[in-house]
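For reference, the structure is listed below as C-alpha cells.
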Amino acid sequence: MYEFITGFMFWLSLGVCLAGMLIRTVLYFRGLAWNLDRVAYKAYPKDGFNGAMRSIYKWLLPFGTHGWRKQPFMTVIFFCFHIGAVIVPLFLVAHNLFLEKKTGLSLFTINNSVADFLTWLVVASAILIVLRRIALPEVRIMTTWYDYLIILISVLPFITGLMARYEVGNYNFWLLAHILSGEILLLAIPFTKLSHVFLFFASRAQLGMDYGIKRGGLKGTKMAW
Amino acid sequence: MPEGIFCNKKPVETEEELTALLGDTSGTQYYKEMKELDVDSKLLWTTIQNTCKSRIRTWLEICAHCGMCADSCFLYLVNDRDPKQVPAYKIQSTLGEIVKRKGKVDNEFMRMAMETAWAKCTCCNRCGMYCPHGIDMGIMFGYLRGLLYQQGFVPWEMKIGAGMHRVYRAQMDVSEEEFVETFQWMVEEYEDDYVGLTVPVDVENADIMYTVNAREVKHYPEDLAEAAILFHAAGENWTIPSKGWELTSLAMFAGDWAACKMQVESVYEAMERLKPKRMIGTECGHAHRATVVEGPYWAGRKDGRPPVESIHYIEWLAEALREGKLKIDPSKRIKQPVTLQDSCNYVRNHGLRETAREIVSYIVEPGYFRDMSPRKEHNFCCGGGGGFNGIGLFRPQRNKGLITKRDQIIATGAELVLAPCHNCWDAIRDLEEEYEIGIKWSFLKPLVISMLELPDHMKPEE
Ligand code: SF4
Ligand code: SF4
C-alpha cells in the first residue's frame, strides 16, 4: 500500500497536475480572441506585457490594491492561508527528503518550527474563511457545497500532516492519509476550481493586458489597482 | 405564441417597423408579448460555443464566491446590501446558469436575466477592479446583453435605440439633412454675438472632424453652436461630416453587435472620406467608448484604433487651454464649490483620469474645487449608465441607483457639478429633480464660453 501510493500514485498525481496545468494554461492563452475580447493583444505586446505584470504584481502584495485595503480582515486570512499553503508543501524538510529520494532533486527548505507555525496558520485561516462564508450574507448567497469541498480538499493535507506530525493515534494511518489527501489535491488542481492556482495568473494577466492596451494603457495611464 | 409582432428575435430594420414599435406606448404590448416569447435554446448554445471563449469561461469557472466584489457595486450598496445585488451572484445566476444548462432555459428565466442585465448592472466595470481574480462582471453583462438581444429579451427602448442606429445611423430619428441644417441654423443664431461663426461641412483634410450626440441635434442644439464657438475662438481648422456624424451607440447598450458595427463604420467611413488629422467627439462618455474604444473591434480593426486619431472633447479642451488657444478671463472663473463627475466610460475605461482635472485648474478659482470620494477610475457610476437612464420599465430601480451619486455629491458640499458626459449629465439632472438637493450641473462648453476672452475678430461691433 505505502509503496503504491508513494510510487505509482505519486508519479501519476504529480504528472497529471503538472501536465494539466501546462495544457490548460496554453489553452487559456490560445482561447483569447482579440476580436471577441476586444483587446488588441498582439498589436501591442509590450504594453500588454507590462499591464499583465502590474496587474499580477499589485494583487500579490498584501494591501497592495484598493480591493485588499477595502477588506482588511479578508486580506489577512487570505494571505495567511495562501502563504502557508504555498510555502509548506514546497519547502518542508520532510517533503524535500522524500523528493530527493524519488528524484535526486530537492528545493530550499524551511525550519520545522516555521513549518509548524505556517501549517497551523493555514488551518486556522481556513476555519475563519469558512466562518466568513457562513456569517456574511453576501458570501453565503453564492456558497455551494462545491465551495466547501474545495476548501476541504485544500486543507485535508494540512490537517492530516499535523496529525502525523504530533503522532496523534496511529502515525502510519495519518501518514498514509496525508499522502493520499495530498495526491487528491494534486489531481484536483487541473480539473476543479483549484485551477485558480495557475489560472489566477492567467486571468489577472488578461485584465492587465486589457487595461494596459485598451483601457488607458496606450494613453500612458497606469491603472490604480 | 412564439414570436410577437413587436417583441421578437428580429431587429428593427425599417422606418415603418420603427414607427410601429414606437406607437406601442411604453411597450405595453411589447412586454405582454415578451411573456410568450420562445427561447431558441439551440441558437443560444451555438452562439455561446462560438463566442464564449477562455476569458469568460475561466471567469465563470474560477470565481471563488468570495464576495470581495460586493462593496464595489453601487447597486449593491444602495439597495441595502441585498445579497442578490452582489456582482458575482448576479452574473453567476444568469450567464453562469445559461452556460451550465447549455442554453436550456425558459422564458421566465430569460426575463429575469433581462432585468438583471439592464436593471442590476450598468456595465460600469467597477467590480472588475476589486476582484482578486480580475473578473470583470461589467464585461460579462455586456456579453449577456448580446445573448438576450439575440433572443428578443431586451427592454423596449433598447430595441428601439438599436433600430434607430440601423435605420438612421443615429440614436434618434435625425437625418443627415436635419443634422447639417440644425447645425447651420444654430450657428446663424449665434452669428451676431460671435462674428464670423460658421460650420464647415464635409471639408477634406481638416485638422478636426467633429462628431456629436443626436440628442444635441434634437434637444440641445445650442450645444452645437457652443462647439462651433470654441473651435472658432481657438482658431481651429475643423469640419463636420454630413454623413457619419453620430458618435453614440445605443446599440452597444442593447447588445446589438451587428448594429454597433454598422454605426461605427459610418463614422469611420467619414474619417476615410474626409481624411481629417483627428476626430473629436462631443462631451459624451458612452459615445466615446463606442466609437473610439470598442468600435475598432466591431469594425474588425486589428490595431484596436479608429482610422484616424480620435480623442474626447475634454482632451481637446485641455489642450486648447494649455496651449493658450483658448484664453480664460481669470475674473470670470467659477467661484462656488464645484465638483466633477468622472465618467466610467472614458475615465475607468480609457484612462482619462487627469484630463478634466487639468481643465478644472484653468476654469475654477483655486480653492473651490471639491473632489468626490471615491474618484478618478474608482468613481461610482452616475447611476444611469449602460442605458439605465432610458428604460421606463426600470425607472424605479434607476431612481434608487441615483442615491449613490446624490450622496457623493452632497458629501463634497458642491453647488455645481461638472458633467462632461451626456449620460452622467442626465442622471444628475434626474437626481436633482427626484431628490432636490439644490445643485446645478453643466457640460464644460457653456462654462468655458461664459469665461472666454474672445479674440478681437469674433467680437461684435458695438
Ligand atoms: S471578488 Fe471575484 S472571485 Fe470573489 S466573488 Fe467576486 S467575482 Fe468571484
Ligand atoms: S459593472 Fe458596475 S453595476 Fe455592473 S455589477 Fe459591476 S459594479 Fe455593479
Side-chain angles (χ1 to χ4, degrees), chain A residues 27-40 42-44 55-56 59 65-68 70-71 74 78 129 132-133 136-144 146-147 150 193 195-196 199-200 202-208 210-211 213-225, chain B residues 50-59 61-72 76 81-86 88-89 92-93 125 128-136 139 143 293-294 296-298 300-305 315 346-354 374 376-378:
Chain A
L27 285 179
Y28 178 86
F29 285 101
R30 281 187 41 184
L32 291 183
W34 72 273
N35 51 346
L36 293 171
D37 301 350
R38 303 206 291 265
V39 181
K42 289 208 177 118
Y44 310 98
S55 156
I56 294 171
W59 279 91
T65 61
H66 283 75
W68 288 134
K70 187 99 189 134
Q71 314 236 357
M74 177 59 176
F78 174 94
I129 285 172
R132 177 180 177 274
R133 249 188 209 295
L136 300 183
E138 72 268 29
V139 192
R140 194 166 59 224
I141 189 169
M142 291 183 285
T143 302
T144 61
Y146 181 50
D147 295 309
I150 294 294
K193 213 171 260 212
S195 56
H196 78 266
L199 290 179
F200 160 84
S203 174
R204 278 243 65 91
Q206 191 283 328
L207 197 67
D210 189 333
Y211 275 99
I213 293 169
K214 184 169 89 165
R215 299 199 230 176
L218 292 178
K219 292 226 171 237
T221 304
K222 287 198 173 109
M223 163 75 163
W225 288 110
Chain B
N50 291 333
T51 58
C52 188
K53 303 285 185 196
S54 59
R55 176 177 66 164
I56 292 184
R57 281 190 190 258
T58 304
W59 279 345
E61 177 188 340
I62 66 174
C63 170
H65 297 164
C66 68
M68 277 189 61
C69 51
D71 279 341
S72 69
Y76 167 77
R81 306 181 158 263
D82 177 0
K84 293 212 160 114
Q85 287 278 5
V86 176
Y89 175 81
Q92 294 281 350
S93 59
N125 301 89
M129 300 176 69
Y130 287 79
C131 165
H133 281 318
I135 300 175
D136 193 327
I139 287 181
Y143 176 73
V293 185
E294 313 287 352
Y297 298 95
W298 296 325
R301 301 182 62 87
K302 288 200 169 163
D303 65 351
R305 292 185 196 263
E315 294 180 270
Y346 59 80
V347 176
R348 174 150 49 252
N349 286 300
H350 207 200
L352 300 182
R353 64 182 172 210
E354 303 298 345
K376 299 186 179 174
E377 64 263 63
H378 287 270

field: Heavy-atom proximity to chain A below 4.5 Å, by part of B:C69
entry: neither
task: Sort B:Y346 into side chain, backbone, both or neither according to what part of it lies under 4.5 angstrom from a heavy atom of chain A.
output: neither
Leading residue by heavy atom contact count with chain A [cutoff under 4.5 Å; candidates B:G300, B:C131, B:P296, B:C63]: B:C131
query: In terms of heavy-atom pairs under 4.5 Å with chain A, which of B:P83, B:G67, B:G128 leads?
result: B:P83
query: Which atoms of B:V86 come close to chain A, meaning under 4.5 Å heavy atom to heavy atom: side chain ones, backbone ones, both, or neither?
result: side chain
Distance in Å, A:L27 CG paired with B:S54 OG, rounded so as to fall on 0.5 Å steps: 8.5 Å
Chi angles and distances behind the side-chain contact (heavy atoms from CB on, under 4.5 Å) call for A:D210, B:I139: CA-CA 11 Å; A:D210 189 333; B:I139 287 181; 3.7 Å; yes
message: Counting only non-hydrogen atoms closer than 4.5 Å, does A:R140 touch chain B with its backbone (N, CA, C, O), its side chain (CB onward), both, or neither?
response: neither
message: Does any backbone or side-chain atom of A:W59 lie under 4.5 Å from a heavy atom of chain B? Answer side chain, backbone, both or neither.
response: side chain
task: With rounding to the nearest 0.5 Å, note down the distance linking CE in A:M142 to OG in B:S93.
output: 10.0 Å
- request: Would you verify whether the NZ or CZ of A:K214 falls within 45 degrees of the ring axis of B:Y297 while also being under 6.0 Å from that six-membered ring's centre?
  value: yes
- prompt: Can you list the steps and then say if A:T221 with B:L352 is a side-chain contact (heavy atoms from CB on, under 4.5 Å)?
  reply: CA-CA 8 Å; A:T221 304; B:L352 300 182; over 6 Å; no
- prompt: Most heavy-atom pairs under 4.5 angstrom with chain B, which of A:I150, A:L32, A:T143?
  reply: A:L32
field: Toward chain A, the part of B:A70 with a non-hydrogen atom under 4.5 Å
entry: side chain
- prompt: How long is the span from the CH2 atom in B:W59 to the CD atom in A:Q206, to the nearest 0.5 Å?
  reply: 5.0 Å
query: Quick one: CD1 on B:I56 to OG on A:S203, what's the gap to the nearest 0.5 Å?
result: 11.5 Å
query: What part of A:L218 gets closer than 4.5 Å to chain B, counting heavy atoms only: side chain, backbone, both or neither?
result: side chain
field: Option that, when pairs with chain B are counted at under 4.5 Å, heavy atom only, ranks first among A:W225, A:Y44, A:F78
entry: A:Y44
- prompt: If you take all heavy atoms of A:L36 and B:N50, which pair is closest and at what distance?
  reply: CD1-O, 3.9 Å
query: For B:C52, is it the side chain, the backbone, both or neither that has a heavy atom under 4.5 Å from a heavy atom of chain A?
result: neither
OG1-OH distance between B:T58 and A:Y28, expressed to the nearest 0.5 angstrom: 5.0 Å
query: Which atoms form the tightest heavy-atom contact between A:Q71 and B:D71, and what is the distance?
result: NE2-OD2, 3.8 Å
query: Given that the side chain runs from C-beta out, which part of A:D147 has a heavy atom under 4.5 Å from chain B: side chain, backbone, both or neither?
result: side chain
- request: State which residues pass salt bridge (charged side-chain N to carboxylate O under 4.0 Å, His left out) with B:R348; sequence neighbours excluded, sorted by chain then number.
  value: none
task: For chain A, find which of B:K53, B:R55, B:R57, B:H350 contributes the most heavy-atom pairs closer than 4.5 angstrom.
output: B:R55
message: With a 4.5 angstrom heavy-atom cut-off, is it the side chain or the backbone of A:Y211 that approaches chain B, or both, or neither?
response: side chain
message: Between B:D303 and A:K42, does any side-chain N to carboxylate O distance fall below 4.0 Å?
response: no
query: Taking the side chain as C-beta and beyond, is there a heavy-atom pair between B:H133 and A:L199 under 4.5 Å?
result: no
- prompt: Which bit of B:N349 is near chain A, if near means a heavy-atom gap under 4.5 Å: side chain, backbone, both or neither?
  reply: both
- prompt: Do the charged groups of A:E138 and B:K84 touch, with an N to O distance under 4.0 Å?
  reply: no
message: Do the side chains of A:R215 and B:E377 get close enough for a salt bridge, i.e. N-O under 4.0 angstrom?
response: no
message: Under 4.5 Å from any heavy atom of chain B, what part of A:I141 do you find: side chain, backbone, both or neither?
response: both
- prompt: Which distance, rounded to the nearest 0.5 Å, do you find between the OG1 of A:T144 and the CD of B:Q92?
  reply: 9.5 Å
- request: Please check if any side-chain donor atom of A:H66 sits under 3.5 Å from a side-chain acceptor atom of B:H378, or the reverse.
  value: yes
Close side-chain approach of A:W68 to B:P132, heavy-atom, < 4.5 Å: yes
- request: Go through the atoms of B:D82 and report whether side chain, backbone, both or neither lie under 4.5 Å from a heavy atom of chain A.
  value: neither
task: Using atom types as modelled and distance alone, determine if a side-chain donor or acceptor of A:R133 lies under 3.5 Å from a backbone N or O of B:H65.
output: yes
- request: Could you check if a side-chain atom of A:V139 sits within less than 4.5 angstrom of a side-chain atom of B:C66, using non-hydrogen atoms only?
  value: no
